There are 2 protein chains.
Amino acid sequence: MPPGGLEKITSAEVAKRAGVSQSAVSRVFTPGASASPEMTQRVRRAADELGYRPNILARSLITGRSRIIGLVISYLENNFYPEVLEKLSAALQQRGYHVLVFMAPQSIDNIDHVVQEILDYQVDGIVTASVAMSSDLAMRCRAAGIPVVLFNRAQDDPRLSAVESDNRSGGAALARFLLAGGHSRFGYIAGWEGASTQRDREAGFVDVLAQSGITLHARAVGNFRHDEAAEAARTMFTGPDRPDAVFVANDHMAFAVMDVLRFELGLRIPEDVSVVGFDDVPMAAWPSYNLTTVRQSAEAMVTQTVDILIDHIEQDDSAPRRATVPAPLIQRGSARLPDNGSNPYDT
Amino acid sequence: MPPGGLEKITSAEVAKRAGVSQSAVSRVFTPGASASPEMTQRVRRAADELGYRPNILARSLITGRSRIIGLVISYLENNFYPEVLEKLSAALQQRGYHVLVFMAPQSIDNIDHVVQEILDYQVDGIVTASVAMSSDLAMRCRAAGIPVVLFNRAQDDPRLSAVESDNRSGGAALARFLLAGGHSRFGYIAGWEGASTQRDREAGFVDVLAQSGITLHARAVGNFRHDEAAEAARTMFTGPDRPDAVFVANDHMAFAVMDVLRFELGLRIPEDVSVVGFDDVPMAAWPSYNLTTVRQSAEAMVTQTVDILIDHIEQDDSAPRRATVPAPLIQRGSARLPDNGSNPYDT
DNA sequence: GACCCCATTGCAATCGTATGCACGATTTCC
DNA sequence: GGAAATCGTGCATACGATTGCAATGGGGTC
């Protein structure tokens, strides 16, 4: 034996040791296949002694399934996404799949390039978390028989499956809550304008305001980035005619806004300004921020995503599905409350 | 053509269309191989028309390299790790590798099970981020010719490569800084006792204290978890004889401790208690926490990890390496300063 | 013009596994 | 008890690529 120890063990070697054919070994390790108890036992024994485990790649070559799911992801600095990654990976792992990670570059046109790379790995499915993909490329995936699920991002194309939370209702609930709290000058700090989440949250918010004949008092763009949100807050809240409530398009930016208001501008939250966010990342519950927000349940979204994805993989031709998970208002201390203290407006 | 569009394209089909042999197609797509300019052109043209891209899995089967790196990871709620994942994935992507993620379960004995799964995918290398792996299994990887790099975790076995930051010096620097700041009753909130990072940070800290004849005034265990750290802080700081400075083994726990001190116990930081952490995650710089801490550079650690890993993969028999990246003190506002305001103690 | 060298290309084997087919042995059923 | 159905197993092939080997051909040298 060469120095370095044992080399790769193949099914043929196990077969030889067990005194059976290579096919028999394969059958023992293939769930649906038929093998007699004694055969199974002999093969397993030989396999254990040799430390044999089937080569997934070789298996994939012939079965056409790799048990790999490609995940395209981008904003890991927003705590919502690590949570998603963790839960998604764990859920898939439990069902025998694994996640191959692709970090999406900032520039949008490169996404297609990334998806190409994913396809090279013969993945069984793709999850794109909050990144755009050209319809053209989506169709190529479909053509190649590879299901795609859009996570936290809607798309006009009804042929694509998508999972998102109810961003519009969430935005609306926040508006109702702030109205009930007696606010009158509303600011909005937007995420990246190309995102459907951004669009829907804002739409829900301004629609409800409009029903009371109110328009946004101020609006700025934070692009879902911490530093840009801080900058947006500075310009929005400098000067006397500032909002008395601000909806920040996600929690990650809301933290930046709160810090600027408190530590740079000396404003009190919620006495001087109410701040609300969206996502309910764990940090939102920490006392330093204690942020009133809307819960986007990573758990529920991941469950839906996995269900849809596995369904598409294992059913030949299941129709595209879109799931919207509820997004309840989570009432904390960063926004003034309605007089009666409760909130009947989250519907 | 069946409904659903084009099926998978193989090199043989490209060959037919270009009027050349299948080997020729392979050579055009294999970097080192020889092919005439006109051949290359014809093949590329045919490939583009058909939308052909080589099947990485099939290639892996014969070359023995999958260009997949297995990453075992666990504590994604600590912001340091998403940062690592992002940088690691990006760095590997740039060098033509991709990351297959394996979430490690809490129980330690299951880790080996996870690594087995990884091996099934014929990965070219493994990075284990802050999780233990039995020496036995590490040797099996070595035997299989699969390099392993321990990230943020040391191990006695000198045959394993490892990357970590200088935890000991970091802990020592914090002790010197707090001593210079005039503190006298030192608390320590530990991470998970099985972790080398925990051990080394504490050792550096208490060693320096010992040089001044001081021992820990209080000690509690937070297991690197936010909620457990909060609980530890409650017990440590309830009662009159509380520490006037506390070193929390990482930033993630330090945030919990600060919140408890301020919002539950009404203590001022740093006037009543100084708090220092370890990692310098982005949030540590946010005004709400403004945490004095030690920087553990994800950037530098990832660079080292990738260098070592690729080296092991591409050089047949490169010796195990261990890298320690510097861990400088980052002075912010959560700890009282030495009288002269500067800090000459970070050496 | 004979020779050699090198670049280019095709043929065929190979990687490790799954699986259709054929065949023998066993069981089931009427 | 014989036919049919069922089960277990091995043989051989296929998956989609890489690569050693040999054949071809063109160019350079004397």
Side-chain angles (χ1 to χ4, degrees), chain A residues 6-44 46-47 50-68 96 119-124 144-146, chain B residues 6-44 46-47 50-68 96 119-124 144-146:
Chain A
L6 54 117
E7 299 304 308
K8 288 217 166 42
I9 310 294
T10 72
S11 59
E13 306 176 61
V14 176
K16 189 188 298 176
R17 177 179 254 263
V20 300
S21 73
Q22 178 268 328
S23 345
V25 177
S26 170
R27 290 196 173 97
V28 168
F29 284 92
T30 306
S34 86
S36 66
E38 62 175 331
M39 156 118 296
T40 301
Q41 190 184 352
R42 285 176 59 185
V43 169
R44 286 220 178 277
L50 265 46
Y52 168 79
R53 310 204 81 206
N55 179 332
I56 293 199
L57 266 38
R59 171 181 290 176
S60 304
L61 187 57
I62 194 161
T63 61
R65 345 216 79 159
S66 59
R67 306 203 77 82
I68 296 177
L119 294 177
D120 294 349
Y121 280 95
Q122 313 296 118
V123 297
D124 287 349
I146 298 175
Chain B
L6 53 118
E7 300 302 309
K8 285 213 171 41
I9 311 294
T10 72
S11 59
E13 304 177 61
V14 176
K16 188 188 299 176
R17 178 178 252 264
V20 299
S21 75
Q22 180 267 330
S23 351
V25 177
S26 170
R27 287 196 239 271
V28 168
F29 283 92
T30 305
S34 89
S36 67
E38 64 174 331
M39 158 115 286
T40 302
Q41 191 185 349
R42 284 176 60 185
V43 169
R44 286 221 179 277
L50 265 48
Y52 168 78
R53 310 204 81 207
N55 179 332
I56 293 199
L57 267 38
R59 172 181 291 174
S60 305
L61 186 56
I62 194 160
T63 61
R65 346 215 78 159
S66 59
R67 307 204 76 83
I68 297 176
L119 294 177
D120 294 348
Y121 279 95
Q122 314 296 118
V123 297
D124 288 347
I146 299 174

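A note on names: the letters A, B, ... follow the listed sequences, proteins ahead of strands, and every chain is numbered from 1. As a basis for the values below, the full set of heavy atoms in this structure was taken, side chains included, without hydrogen atoms, waters or symmetry mates. From a predicted model like this one, the values you see are computed outputs, not experimental measurements.
- Atom CZ in B:Arg53 sits about 12 Å away from atom P in D:dA17, given to the nearest Å.
- Side-chain N/O atoms of B:Ser11 include none lying less than 4.0 angstrom from OP1 or OP2 on D:dG16.
- Residues B:Val43 and B:Ala18 come closest through the heavy atom pair CA-CB, 4.3 Å.
- Across all strands, A:Ser26 comes closer than 4.0 Å to base atoms (heavy-atom distances).
- A:Ser66 is linked by a side chain to side chain contact (heavy atoms under 4.5 Å, CB included) to A:Ser60, A:Ile68, A:Asp124, B:Leu57, counting only residues two or more places apart in sequence or in another chain.
- Remark: B:Arg27 pairs with no residue by the salt bridge (Lys or Arg N to Asp or Glu O under 4.0 Å) rule, at least two apart or across chains.
- Between the CG atom of B:Asp120 and the P atom of C:dG16 there is a distance of 15 Å, given to the nearest Å.
- For the pair A:Arg67 CZ and C:dA18 P, the interatomic distance rounds to 12 Å; values are reported in whole Å.
- Taking A:Gln122 as the reference, nothing meets the side-chain hydrogen bond (donor to acceptor under 3.5 Å, both in side chains) condition, with sequence neighbours excluded.
- Pairing each heavy atom of B:Thr10 with each of B:Tyr52, the nearest pair is C-CE1, 3.6 Å.
- The separation between B:Asn55 atom CG and D:dA14 atom P is 18 Å, rounded to whole Å.
- Residue A:Leu57 contributes atom CG, which lies 15 Å from atom C1' of C:dA18 at whole-angstrom precision.
- By the salt bridge (Lys or Arg N to Asp or Glu O under 4.0 Å) test, A:Arg44 pairs with no residue at all, sequence neighbours left out.
- To the nearest angstrom, P of D:dC11 lies 14 Å from NZ of A:Lys16.
- The salt bridge (Lys or Arg N to Asp or Glu O under 4.0 Å) search around A:Arg65 returns none, not counting sequence neighbours.
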Generate the contact string for nucleotides 5-15 of chain C. Rules: B means base contact, S means sugar-phosphate contact only, - means no protein heavy atom under 4.0 Å. ---SBBBB-BB
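- In the helix from C:dG1-D:dC30 to C:dC30-D:dG1, the terminal helix axes, each the rotation mapping four pairs' C1' atoms onto the next four within five end pairs, subtend 30°, rounded to 10°.
- B:Ile9 has its CD1 atom 10 Å from the P atom of D:dA17, to the nearest Å.
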Give each protein N/O atom lying under 3.5 Å from an N/O atom of nucleotides 23-26 of chain D, with the pair distance.
none

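- Taking OH of B:Tyr121 as the reference point, atom CG of A:Asn55 lies at 11.5 Å (rounded to 0.5 Å).
- Taking the salt bridge (Lys or Arg N to Asp or Glu O under 4.0 Å) definition, one finds that B:Arg17 meets it with B:Glu49, sequence neighbours left out.
- Residues that satisfy the side chain to side chain contact (heavy atoms under 4.5 Å, CB included) test with B:Arg59, not counting sequence neighbours, are B:Phe29, B:Pro54, B:Thr63.
- Remark: C1' of C:dT17 and CD of A:Glu13 are 13 Å apart, rounded to the nearest angstrom.
- Under the side-chain hydrogen bond (donor to acceptor under 3.5 Å, both in side chains) criterion, A:Asp120 pairs with B:Arg53, sequence neighbours left out.
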